[in-house]
Structures are given as C-alpha cells and as structure tokens.
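Convention: sequence-line order gives letters A, B, ...; per-chain numbering from 1.
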Amino acid sequence: MIRLIPHLVAKDLKRKVRAPLGLLIVLGFPVVFAGMIALAFGRGGDAIPKVRLLVANEDDGLLGSALASAFTAPQAARAFEARAVTPEEGRQLMEQGKASALLSVPKRFTRDVLDGKPVALRLVRNPSEGILPEIAEQTAGILVDVLEGGRRVLDEPLAKLRPMLDDAGGAPSDADVAAVALVVKRAIEKSGGLVFPPAITLESEMLGNRAPAADAGKKPGGTTSTIFLLILPGVAVYAIFLVGDQAMRDVMTERALGTLRRQLAGPVTVGTYVVGKAAATAVLCLLALAVLTLVGMVALRQPVSLPAFVVVSLALVLAITGTSALIYGLARTERQASTLSSLIYLAMAFVGGSFFRLEGLPTILRRVAPFTPFYWATQAYREILEKGAGLSGVAMHAAILAAIGTTFLTLGTVALHRASRRGAAA
Amino acid sequence: MIEATGLVKSFGSLRAVDGVGFQVQKGELYGLLGPNGAGKTTTMSMLAGLLAPDEGQIRFDGVDLAVRPLEVKRQLGVVPQEPALYETLSARENLRFWGGLYGLAGRELGAAVDRVLELVGLADRASEPIRGYSGGMKRRLNLALGLVHGPRVVLMDEPTVGIDPQARLKILEAVKGVTASGTTVIYTTHYLEEAEELCDRIAIMDHGKILAEGTLDELIRRVGGRELVTVRGAFSPDALRGVVASLPGVAVTTEEPGRIVLTVDRTGRGVVEVLGQILGAGLDLQGVSVQPPSLNMLFLNLTGRELRD
C-alpha cells in the first residue's frame, strides 16, 4: 500500500500539470484575488490611501462648521484628505474623478437641527474608487448619528441656546450664558462617554478594526497595508479550501473515466486509492499555500514566526483534506458534490470570518464561527500576521484544526471507501 | 486454472447471473457469447473482483478470489468494455502508470511498455496525449493497458464494440498474439464471428445462465446437422406452415410477415426438396437464403430467437 501511494500521487500531479489551465486557475486564484485587493488599495506595501473628501458646506452655523472640521481633525486626517469646496466646484471635481466623495451640508442645517426639523446630509460617491467612498459614507453616517444623539441629549440646553443664536433674540445676559453653560456641562458630563471623541474615531475601527496591539509594534507609516493584511488571511483560507475541493473532485472524475474500476481490478485496494487521493489533495493544497505564502511575503514584507506558520498550515491542509474527503464521500454524483461543497465552503467562510471580520457579524454567527475550520485557520493566520504570534500563540488553533481534520478525514475515508466501492461496482 | 462455480448475482429483483459455472485451462481462450443483458459483464466484474457474488466461488489456481483478492488480482489483466484511460497523458505515460501499479519499474517497465505498444500498433503515436486519438486507437491502448504487466490471465469485456473494421482487425490480431504466448483469456462478445474465429471454447449465455458450452465443433454438432433456411415472399405464414408441416425434419422457428425461418435436417429431404414443395404449392417465393449449421442456429434452437435480435 505504502509503495503505491507515491505512484498514485505522482500520476494525479502529472495529470494536473498536463492540464495546465485547470492547474493555473486553481493555483492562481489566491494570487489573483490578492492582486485584486492590492490593486484596489494601491501598492500592496503601502499604507491605506486616504479618502479624498470634498465638503460643500452651505450652512453658516456652528454644526455645519463642526461637521466639516471633523474630517480635518488630527484623528480623521490619518484617513481623510478633506477639502472645503463650493457646491459647483465639488460637482466639477467629482465629475473629473478627482475625489472619493462629496459631502454637501445644506443651508440652514444648524438652525434646522436646533429646531428639531428633519435635515439631510448628501453624500455623492465616486464608484471608481473601490472601498474609499464607502469609508466616507460610513464616517459621515457616524457623524450624523453623533449629531442626532447630541441633539437629543442636549435638547434642554439647546432650547436655551436657540434665542441666542437667533439674530432677533439680542445679546444674552451673563446670567443666561452662565445658566446655559452649566446645563450643557452637566448634560455632557452625564452622556459624555456616549457622544464624545470615541464615536468620531469609529471610522478607523470600521475600516480596519485593527487591534491596538498590531499598531503598537509598528512604526508610523509602516510598510504593511492594513487592509491587505486584514483581508488576506481569510481569502487565502477560502482559496485553499477551493484548491482542496478541486483536487478531491478527482474521485468523481475517475469514477466517470472508468479508471477507478480499473485500479480496483488491479492491486489497488479501496483504502489505498482513498489515501492516495487524500495525499494528492494535501500536496496540491501545500503547493497552493506555498504560492500564496510567496505572494504574502512579497506584498507584506512582514516577518512572521515560521514554526507557527508551518504548523498552522499543516493543520489547515489536514482540515481541508478531511473536509473535502467527507463531502465527496457523502455525495452521490459530481454535480451533487460540487453544489454541496460550494454551499458549505461559502457558508463556512462567511460564518467563520474569512470574508468579514467577526466583529462585524451578528452575535449568533459569532457563536457559530468556532465550529468551522475557517474560523480557526483565519484567526490563526491573523494572530501570526497581525500580532506577530509565535507557536504558542496559535497552538490551540492548530490543535483544533488538526482535530477537525483528523475527525473529518476518518469519517471521509469511510464514506469515500463506500462510495468508491459503489463506483467500482457500477 | 480458473474455476467458477455456482455464481449468482442479483440487483434488486433482477437475477443478472444465475448459477454460472465454468472452468478455463491455462493458455485457453474462453468465450462468453450472448446478447446484451445476458450477464456477461456482471460475470466479468465478479471474476475481476469488482463485484462480490451473492453465491458461488471463483478460484484462480486454487486460490479463492474472495479470500486472497490481491494475490489473484496481481495475476490478472483487465480490459474493460469502455476504454478507461487518462486522456491528458500520453499512451506511454498511461502504460507506465499501469505497469508501475503492478510493480514494474526501470528498464523492465520500459521494455514492457515498448512490447505492448508494438503489439497494438501504437508505437509511433506513443508520446501524444491520447485525447487526440481516434476511438479505435483508444480501444487498442485500452487493450495494451490490460497486458502491460504480463498477466497470466486477461479478462476482456467486449473489446471491439463500436469500432471500425480496421481497428477491430488489429485488436483481434493482438488478442491472437496474446493467446499465442500462453496467456489465458476470458473474452466476452456478442459477435458470433469473433467467438467463432478466436475462442477455443465458448459458453453461450442468456438471461444470466450458460445454455451451452464447448468447442465450436461441439456446439455446432449440437445443432444436429441442421441448416437454417430463410424464406421471403408474398404469402401468409399459415400457408407456408401448412406446406412444410407434412415434411419430416423441417421446423418453423421464426415467422414474420413475408419472412419465415425454417430449420431443415440435412439428413432428410434437404433444402432442395423443401423449396420444391413450396413452389409446388403455388406460393409466391421471392427469396431464399441458406446458412450452414452455426452458433447463431444453436442460439436460435436454445432460446427461440436469433442472437442478433
């Protein structure tokens, strides 16, 4: 049996090499995906590009000015390049594609807010700038929420303030000013934690949700792309699962070709055949991982713990091989297997946080996430890449992945054994 | 060398093989002849160890296939009905893979590959990916894959189905070459001519049973020296039946509008006398064909229908 397995694996690899298009698509998927991300965010090694935001403020009140200045505040300035424009100038610059988004603050904005009237801020986004306009939209939305919250919390002091802002109201007395100041102070003290600066800084959390520890060890203007770093591990895990799926699908192909029957009529037992397919799947996954690692090294130029990376990768390959063996063992036809694997991998990647940060997912999904290998693999790579975790930092992740892989591979081997017998007898 | 006894295999309510048993001697080419659905392929699948019989036993040189399958399978070569090949690989790569499975390596493997490529006439195209091969070439390679490791026994399941006459001829020549080297072959076919031309002994199968078995001469003798006479004309079957009913040694086996098949005993009045009676009765006779005793005739006698039906 042992003698035959390398022979079977070599044959499968040779077949993949002889059909280079399929192999390139399979191995190139992670590279292409990573490349697309790099293109969307500029050069892979650069920091996130800034959102070029135009602010057309037609309001002559305090809130309009406050809103516009929020984007130039030191914290916001790391992500925004805000510029005050007239509405006409803003439209022209947008049409020329020279900005990510145009935020328009309407006339009488401050007064309408103070009067409790419904007001709307308008944001025009540039569709050719990928995710950047989305950042502007989310940030503007947060600011609007803050303003709305502030208006509700400060309802009483605002009522007192309104005559002072009104031209017809005349100059307020010292006592009025002192009274308003006192009410404002107390209201803010009560709700300061809700409305003050932390809400404004949400834009960096929403975009990157980058753990503080990741920032701590980096120099200002570091060489890694935050977004690239954030997205790469999850996408890579998903891509390698697809590679494994492609490789294990050969079980169905061989059944259709009749070569499964022919091998089993020879000196190949069903067990040898199944182990051979699992080994070929594992080898192809390792190849894909190597390609992806190379891309990651070039793009991120970030030192990582090699033992941690290798252990997690091996455990991941075991998990992928086991999962694909189980799926193809349970499926009756190639079509059924293909549909089943697509649905399962997509769902697990979504729930497991491969596509979206877990923090952005509903609580129920976050509770389900640890039941997927995607979760443990994605989290492990993030620990290694973002926090510089070593072997001890990802030992649990790797152990759980290996446990999942071993369990699935055992069940999958039994299922494949039965399926292959059926296929041989058909 | 090969002994199959009381083989039974059912699929649900269908009894595909029903008590089949035979013995094949070393170096013999044994044919299983029968129409589609006769149970030939199921029998071959059991012989190849791909299907476990519900009942019965298969022994190769006294070794029970069910007890020591790998030991038996290492001595077997299998040529399936449909070519089972890796289309992205070349003929040589396919052969090297299958030869390697049986433990061949290095020069021994290279020599074995060259030998079978010559045998099936593919040596000059051996390095091309086989997806560019014609159907006949794929069938020849399919045969070569079953022979590359030099098996003692080869199971060939209708290896010439659906190919052109030229490719068929090459395959038949290759099969003759295999048996000439002392290899034992079990060969299934539904072509009478192939069975007659190739096989040392033939088993006629239908509905999962062996109806008759023996050498070609033995089987034809079972027909009893009868000739098959097909009569065509514009007459009613009843009229003809009335004419031949009184003739000894003549029997109607098949009747269709305008066509009747008779068996005529060569030792009796003979075909000429029968035709004289028909013409004498004034029946509108338009054509007559006479076949000497054959396997088809035996099949007709045994089953009441022709093998080609």
Exercise. Could you state the interatomic distance from CG (Leu65(B)) to NZ (Lys73(B)), rounded to the nearest 0.5 Å?
Worked result: 7.0 Å

For this session: Measure the shortest side-chain to side-chain distance between Pro159(B) and Arg139(B) over non-hydrogen atoms and say whether it is less than 4.5 angstrom.
Result: no

Problem set entry | Contacting moiety of Gln263(A), where chain B heavy atoms sit under 4.5 Å | both

Exercise. Aromatic rings Phe241(A) and Phe374(A): how do their planes relate, parallel, tilted or perpendicular, breaks at 30° and 60°?
Worked result: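 It falls in the parallel class, under 30°.
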
By a 4.5 Å heavy-atom criterion (distance strictly below it), what part of [X] contacts chain A: side chain, backbone, both, or neither?
| X | value |
| --- | --- |
| Pro151(B) | neither |
| Glu71(B) | neither |
| Leu155(B) | neither |
| Leu70(B) | side chain |
| Asn94(B) | neither |

Problem set entry | Intermediate values then yes/no, side chain to side chain contact (heavy atoms under 4.5 Å, CB included), Tyr375(A) and Val351(A) | CA-CA 8 Å; Tyr375(A) 169 83; Val351(A) 172; over 6 Å; no

Problem set entry | ring pair (Phe, Tyr, Trp, His ring centres under 6.0 Å) assessment of Tyr238(A) paired with Tyr345(A) | CA-CA 7 Å; Tyr238(A) 178 65; Tyr345(A) 290 151; 7.5 Å; no

For this session: Find out whether the Lys NZ or Arg CZ of Arg168(B) is both under 6.0 angstrom from the six-membered ring centre of Tyr191(B) and within 45° of the ring's axis.
Result: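 Positive - Arg168(B) is close enough to the ring of Tyr191(B) and near enough to its axis.
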
Exercise. Among Ala48(B), Gly49(B), Pro83(B), Ala84(B), which has the most heavy-atom pairs under 4.5 Å with chain A?
Worked result: Ala84(B)

Problem set entry | Option in Thr42(B), Val79(B), Leu76(B), Leu145(B) with maximal non-hydrogen atom pairs under 4.5 Å from chain A | Leu145(B)

